Trainee: 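Have a look at the structure that comes next, please.
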There are 2 protein chains.
Amino acid sequence: MRSTGPRSTLADVAARAGVSKSLVSLVMRNEPGASAETRRRVLDAADELGYHPDRGARLLRSGRSRLLGVVFGIQHAFHADLVTALYTAARETGYELALSAVTPDRDETEATAGLLQDRCEALILLGPQTPTASLARLATRLPVVVLARGVRGAAVDVVHTADADGLHQAVDHLVQLGHRSIAHIDGGHAPGAAQRRRGYRDAMCRHALDRHTRIIRGGLTEEDGAAAARALLADPPTAVTVFNDRCATGVLDVLAHHGLKVPDDVSVVGYDDSRLARLAHVNLTTIAQDTATMTRLAVARAIDRVEGSTITHRDVVPPHLVVRSTTGPPTSP
Amino acid sequence: MRSTGPRSTLADVAARAGVSKSLVSLVMRNEPGASAETRRRVLDAADELGYHPDRGARLLRSGRSRLLGVVFGIQHAFHADLVTALYTAARETGYELALSAVTPDRDETEATAGLLQDRCEALILLGPQTPTASLARLATRLPVVVLARGVRGAAVDVVHTADADGLHQAVDHLVQLGHRSIAHIDGGHAPGAAQRRRGYRDAMCRHALDRHTRIIRGGLTEEDGAAAARALLADPPTAVTVFNDRCATGVLDVLAHHGLKVPDDVSVVGYDDSRLARLAHVNLTTIAQDTATMTRLAVARAIDRVEGSTITHRDVVPPHLVVRSTTGPPTSP
DNA sequence: ATGAAAGCGCTAACAA
DNA sequence: TTGTTAGCGCTTTCAT
């Protein structure tokens with residue numbers, strides 16, 4: 001019983017409400033210029049007909065899609081947080097989001113191409129792996145905002161976290177608790193990993209803990225964290241800062257399996273404050289990226305560009321420490 | 001430098017090639033009806049102008065978007081797997097996917113409305129919570145396929161897993177290993193939870209293990225699993241089947257923290273075979289949903305409907321057991 | 001094989 | 001405040 005009846009149009013709504021198309025157009029766009037009474041009648045008629053404006057026709061006529069393209073990695077928990085915040089940030093701007101996912105079978109180029117076809121007016125790229133040169137080329141075609149990755153050299157707007165600062169805070173916190181033997185499990189070549197590594201090293205230096213500096217090769221996944229933790233088992237530090245929450249989860253897991261108590265035997269600090277960290281049974285001390293601010297900025301930068309700005313911005317948003325239950329004073333000598 | 005050059009149109013190409021717009025239209029769509037000579041001239045002109053047809057205008061005129069809308073929950077790991085597979089399934093069909101995410105701030109209604117504006121020709125809903133009545137109403141507007149949830153009563157196509165069968169396999173596996181004391185941590189009101197509960201109960205019955213039947217209230221998250229595991233600690237069974245992998249992860253975590261060895265003290269079986277389960281340090285025995293088949297079916301059903309089919313399908317895809325390292329023979333008496 | 005003309009559903013400029 | 005008109009870039013008759 002299929003009643004895929006012909007979709008109702010502006011004209012149908014106009015006829016039903018007994019007004020002109022222009023008036024319906026105004027009302028649907030929330031523009032001023034229609035009486036309250038008319039507005040109500042139009043809205044009712046639209047509702048009864050299940051009317052939804054045709055974005056294609058709208059774009060054709062106005063030459064504007066009012067669409068912001070978002071490229072994100074569908075497996076990344078942190079990207080999920082960012083997309084969630086992006087929807088919120090875009091809500092009151094008059095622009096909508098068009099999502100395009102990167103999957104194991106679908107690379108960034110493909111994801112981007114799809115959005116270009118949809119006539120997005122600007123692109124927001126989450127932690128893109130695309131080389132700077134390609135980014136620059138893309139930016140000649142439309143405004144591009146890179147979010148959560150501190151790329152350099154391309155004429156694109158960038159919004160990212162002060163990653164080194166994040167690790168300063170992590171190390172300061174641990175030192176304040178009395179730790180000296182603090183290791184860092186890094187993120188390899190992942191976006192931000194180099195800065196976090198540097199932040200760790202600098203902070204250790206600042207506390208005159210140079211000789212305790214110890215960097216273990218990690219990665220972005222639970223598995224990478226697990227492997228790194230096993231490497232640490234022979235001679236465990238009293239505390240460890242980890243590249244991100246996912247990786248830290250792997251660390252916690254291996255520690256638990258080997259009978260090491262957290263935080264009594266080893267304190268652990270993650271990074272991202274992803275949903276993962278907030279789970280009651282994980283309850284991970286971590287460095288929170290300010291996703292609300294970052295996404296608000298990203299959307300604002302994109303819209304600025306769409307509306308003609310030619311200024312290239314680079315916004316570095318400070319992170320902050322969230323103390324939960326995986327850090328405490330060292331109990332061993 | 002932004003090259004905001006005005007996009008060239010069909011008319012531009014026609015003028016340059018010295019032919020009519022109709023001819024250019026034919027050539028661009030590779031339709032017969034133009035001489036080889038004309039074809040070449042048109043193609044050359046188009047190339048010189050860097051012309052690309054406007055998808056919006058094309059769809060406006062022809063009334064087709066060739067777009068399949070997908071509504072998914074951005075924080076559901078399993079939905080990420082499904083979306084990944086959907087992209088693959090749609091690849092060779094001539095249809096494209098339009099994604100719309102459900103977030104804590106953006107409900108299914110809103111997500112759906114966005115896709116309606118994009119003029120998607122059909123909708124694929126992943127594990128929708130929308131009540132049956134609303135689903136039915138939506139289905140009068142356009143073809144709707146519900147994926148990964150066995151809704152009943154609405155005139156929509158449904159593709160889901162034989163959930164009860166999955167738990168039969170899990171219990172059979174455990175019984176074969178020698179377990180008798182097998183508990184089930186359920187999913188509460190989550191989609192599929194009732195069927196999995198029933199599958200567990202039936203299988204226990206079939207093995208004459210009725211008096212060992214023991215159902216603990218769980219949920220979909222790690223946290224739910226952790227809570228359920230704690231409830232089990234006082235009198236642990238030798239094996240437990242869990243609603244899904246996420247929840248199972250919480251179970252594993254609590255068991256490890258309390259010194260119970262898996263699988264020596266307790267065997268654990270998850271559900272979904274999500275990326276989580278495949279991680280080397282988790283390596284969870286689980287019931288795999290056949291995402292490739294499910295998504296291929298979902299896309300096929302959607303396209304069938306778009307192309308005029310009026311048959312309502314209900315596809316129930318069998319799951320299969322994946323044995324990894326969280327199950328083994330019981331060691332305690 | 002080619003072209004002229006009529007819209008698709010909408011918005012913007014202008015009239016009333 | 002409201003209605004009228006003229007297209008946006010394209011496909012689709014229907015002529016030629």
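Every chain is numbered from 1, with letters handed out A, B, ... down the list of sequences. Only a predicted model underlies this, so the values are computations on that prediction, with no experimental measurement involved.
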Trainee: For A:His160, what residues pass the ring pair (Phe, Tyr, Trp, His ring centres under 6.0 Å) criterion, not counting sequence neighbours?
Mentor: none
Trainee: Sub-3.5 Å donor-acceptor pair from the side chain of A:Arg16 to the main-chain atoms of A:Leu49, do we have one?
Mentor: no
Trainee: Say whether, by atom type as modelled, one donor and one acceptor occur between the side chain of A:Arg41 and the main chain of A:Ala17 under 3.5 angstrom.
Mentor: yes
Trainee: Can you name the residues that form a side chain to side chain contact (heavy atoms under 4.5 Å, CB included) with A:Thr132, not counting sequence neighbours?
Mentor: A:Ala154
Trainee: Okay, side chain of A:Glu108, backbone of A:Pro128: is any donor-acceptor separation there less than 3.5 Å?
Mentor: no
Trainee: What are the bounds, 5' to 3', of the part of DNA chain D that sits under 4.0 Å from heavy atoms of chain B?
Mentor: D:dG9 to D:dT12
Trainee: Please report how far the helix from C:dA1-D:dT16 to C:dA16-D:dT1 bends, comparing the axis fitted to its first five pairs with the axis fitted to its last five, to the nearest 10 degrees.
Mentor: 40°
Trainee: Output all residues satisfying ring pair (Phe, Tyr, Trp, His ring centres under 6.0 Å) with A:His52, sequence neighbours left out; order by chain, then residue number.
Mentor: none
Trainee: So does B:Ala111 get a backbone contact from the side chain of B:Ser100, meaning a donor-acceptor N/O pair under 3.5 Å?
Mentor: yes
Trainee: Scan nucleotides 8-16 of chain C nucleotide by nucleotide, 5' to 3', and note B when protein non-hydrogen atoms come under 4.0 Å of the base, S if they reach only the sugar-phosphate, - if neither.
Mentor: BBBBB----
Trainee: Determine yes or no for a side-chain-to-main-chain donor-acceptor pair under 3.5 angstrom, with B:Thr295 supplying the side chain and B:Thr291 the backbone.
Mentor: yes
Trainee: Can you tell me if B:Thr38 touches the phosphate of C:dA1, counting only side-chain N or O atoms and a distance under 4.0 Å to OP1 or OP2?
Mentor: no
Trainee: A:Gly33 near the nucleic acid: base, sugar-phosphate alone, or nothing, with a heavy-atom cut-off under 4.0 Å?
Mentor: base
Trainee: Got a donor-acceptor contact below 3.5 angstrom from the A:Ser65 side chain to the A:Arg119 backbone?
Mentor: yes
Trainee: I'd like to know if the side chain of A:Thr93 reaches the main chain of A:Ala89, judged simply by a donor and an acceptor atom lying under 3.5 Å from each other, with no hydrogens or angles considered.
Mentor: no
